[in-house]
Amino acid sequence: MAPDNPVNGSSADLKPHIEVRNLTLAYGEFVVMREINFMVRRQEIFIIMGGSGSGKSTLLRAMIGLLEPVAGEVLYSGVNFTAAGPEQRREIVRRFGVTYQSGALWTSMTLAENVGLPLAEFTNLSPAEIREVASLKLAMVGLKGFEDFYPSQLSGGMQKRAAIARAIALDPEILFFDEPSAGLDPITSRLLDDLILELRASLGTTVVVVTHELASIFTIGDDSVLLDGESRAPIAYGNPRQLRDHSDDPRVRRFLTRGEAQSGLVPNHG
């Protein structure tokens, strides 16, 4: 785990918010990843990292219930999500906020309508109240005044922010991000990292991020798992900066430096 995470100070925070136990994932007979084990503490930013095709997004899909594991289980606050029935799963999923690589915004709806979708589905708020909450969430991600814009009228970075506003509509306990910086320039990516840190601080949310972007990994990651596509197994757990600086596994060092250590180009954020 990440013992130096300043957000996690009380003894209650030491209890895992998420536990992944002995998880094996497959599509048919093809095993994607096996024997995955890790814990995520409350208000921690946990990074699922690895190269292309290593199974990062597959692991995320299993964690949110879109893929059933071949073996193992996922627990939330001690409750076995994998073994839960439909109603209990629905109640747990209601505490999630998820953003996908594409943003997955409905192009025929305004931003306010997009953000209002989960509110209409899971609450008894009136249309006027839904609009008010949607405006608040958009303001939280820097999109105040864009309620009536359509996704096609926004830049890629603004679309990502709108997707985050929808993900936080129900004040989730846990936020999942699937490659949030995909397709963004470095400056926009850094602003998105700053937003994730701000949301963690303001909402007290636990965050799980799938990414292979080193700048994001070192900027926001408290703890991590590194998936290796060749061995189809995790090869490292821990704070990514500590893994970069102290791991004895050449595969881990190679991924976290990308061969740039000698040139001094590897970002170091502490």
Side-chain angles (χ1 to χ4, degrees), residues 7 42-47 57 60 63-64 66 90-211 213 215-216 219-221:
V7 177
R42 289 185 181 275
Q43 300 184 37
E44 190 169 58
I45 298 179
F46 189 90
I47 306 293
S57 294
L60 181 67
M63 292 179 70
I64 62 177
L66 296 180
R90 180 178 169 84
E91 181 59 31
I92 294 172
V93 168
R94 191 184 184 281
R95 308 202 301 264
F96 297 168
V98 184
T99 67
Y100 300 95
Q101 288 187 40
S102 63
L105 297 171
W106 291 97
T107 57
S108 61
M109 293 182 173
T110 65
L111 298 193
E113 290 169 340
N114 267 284
V115 176
L117 279 175
L119 294 164
E121 181 178 358
F122 290 106
T123 74
N124 295 318
L125 296 177
S126 69
E129 290 169 329
I130 289 175
R131 169 81 181 194
E132 184 177 348
V133 174
S135 295
L136 172 63
K137 300 304 181 181
L138 287 166
M140 289 180 67
V141 300
L143 291 175
K144 180 180 176 61
F146 286 86
E147 289 86 350
D148 296 319
F149 281 63
Y150 289 89
S152 62
Q153 296 175 290
L154 305 179
S155 67
M158 294 171 75
Q159 289 181 25
K160 298 273 189 179
R161 287 174 174 266
I164 293 172
R166 184 178 61 187
I168 64 173
L170 294 170
D171 297 324
E173 288 183 13
I174 305 171
L175 271 173
F176 294 93
F177 293 91
D178 189 5
E179 298 283 5
S181 300
L184 301 181
D185 63 84
I187 294 176
T188 305
S189 295
R190 182 55 191 258
L191 292 174
L192 196 60
D193 289 339
D194 291 342
L195 176 60
I196 291 172
L197 290 169
E198 290 168 8
L199 290 174
R200 191 265 297 272
S202 61
L203 300 178
T205 308
T206 301
V207 182
V208 178
V209 182
V210 167
T211 185
E213 299 288 346
S216 294
T219 298
I220 66 176

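On a predicted model such as this, the values are computed, not experimentally measured, just so you know.
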[X] [atom1] to [Y] [atom2] distance, which is reported to the nearest 0.5 Å:
{"X": "Thr206", "Y": "Ile174", "atom1": "OG1", "atom2": "CD1", "value": "5.5 Å"}
{"X": "Leu199", "Y": "Ile164", "atom1": "CG", "atom2": "CD1", "value": "6.5 Å"}
{"X": "Glu213", "Y": "Glu179", "atom1": "CD", "atom2": "CD", "value": "7.0 Å"}
{"X": "Met63", "Y": "Phe46", "atom1": "CE", "atom2": "CZ", "value": "7.5 Å"}
{"X": "Lys160", "Y": "Leu191", "atom1": "NZ", "atom2": "CG", "value": "14.0 Å"}
{"X": "Tyr100", "Y": "Leu60", "atom1": "OH", "atom2": "CG", "value": "7.5 Å"}

Thr123 vs Leu170, side-chain contact (heavy atoms from CB on, under 4.5 Å): CA-CA, chis, key distance, verdict: CA-CA 9 Å; Thr123 74; Leu170 294 170; 3.8 Å; yes

Work out which heavy atom in [X] is nearest to a heavy atom in [Y]; give both atom names and the distance.
{"X": "Leu138", "Y": "Ala165", "result": "CD2-CB, 3.8 Å"}
{"X": "Arg166", "Y": "Asn114", "result": "CD-O, 3.2 Å"}
{"X": "Pro180", "Y": "Val210", "result": "CD-O, 3.5 Å"}
{"X": "Ile64", "Y": "Val93", "result": "O-CG2, 4.2 Å"}
{"X": "Pro172", "Y": "Ala167", "result": "CG-O, 3.4 Å"}
{"X": "Tyr150", "Y": "Ser108", "result": "CE2-O, 3.4 Å"}

Donor-acceptor pair, side chain of [X] and main chain of [Y], under 3.5 angstrom:
{"X": "Arg94", "Y": "Phe122", "result": "yes"}
{"X": "Asp178", "Y": "Ser57", "result": "no"}
{"X": "Arg131", "Y": "Ala112", "result": "no"}
{"X": "Thr188", "Y": "Leu184", "result": "no"}
{"X": "Glu147", "Y": "Gly145", "result": "yes"}

Criterion side chain to side chain donor-acceptor pair (under 3.5 Å) on Ser135 and Glu132, from CA distance to verdict: CA-CA 5 Å; Ser135 295; Glu132 184 177 348; over 6 Å; no

CA sep, side-chain torsions, deciding dist, call: Ile220, Asp194, side-chain contact (heavy atoms from CB on, under 4.5 Å): CA-CA 8 Å; Ile220 66 176; Asp194 291 342; over 6 Å; no

Ser216 versus Asp193, side-chain donor and acceptor atoms under 3.5 Å: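 Their side chains do contain a donor-acceptor pair, which is all the 3.5 Å distance test asks for.
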
Do the non-hydrogen side-chain atoms of [X] and [Y] ever get within less than 4.5 Å of each other?
{"X": "Thr99", "Y": "Phe176", "result": "no"}
{"X": "Phe177", "Y": "Thr211", "result": "no"}
{"X": "Val208", "Y": "Leu175", "result": "no"}
{"X": "Lys137", "Y": "Asp171", "result": "yes"}
{"X": "Val207", "Y": "Gln43", "result": "no"}

Qualifying residues under side chain to side chain contact (heavy atoms under 4.5 Å, CB included), relative to Glu113, sequence neighbours excluded: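 Checked Glu113 against side chain to side chain contact (heavy atoms under 4.5 Å, CB included); matches are Met109, Thr110.
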
Test: Arg190 and Asp185 ion pair at under 4.0 Å: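 Salt bridge flag = no for Asp185 with Arg190.
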
Partner set under side-chain hydrogen bond (donor to acceptor under 3.5 Å, both in side chains) for Thr205, not counting sequence neighbours: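 Thr205 satisfies side-chain hydrogen bond (donor to acceptor under 3.5 Å, both in side chains) with no other residue.
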
With Arg95 via side-chain hydrogen bond (donor to acceptor under 3.5 Å, both in side chains) - residues at least two apart: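 Partners of Arg95 by the side-chain hydrogen bond (donor to acceptor under 3.5 Å, both in side chains) criterion, ordered by chain and then number, come out as Glu173.
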
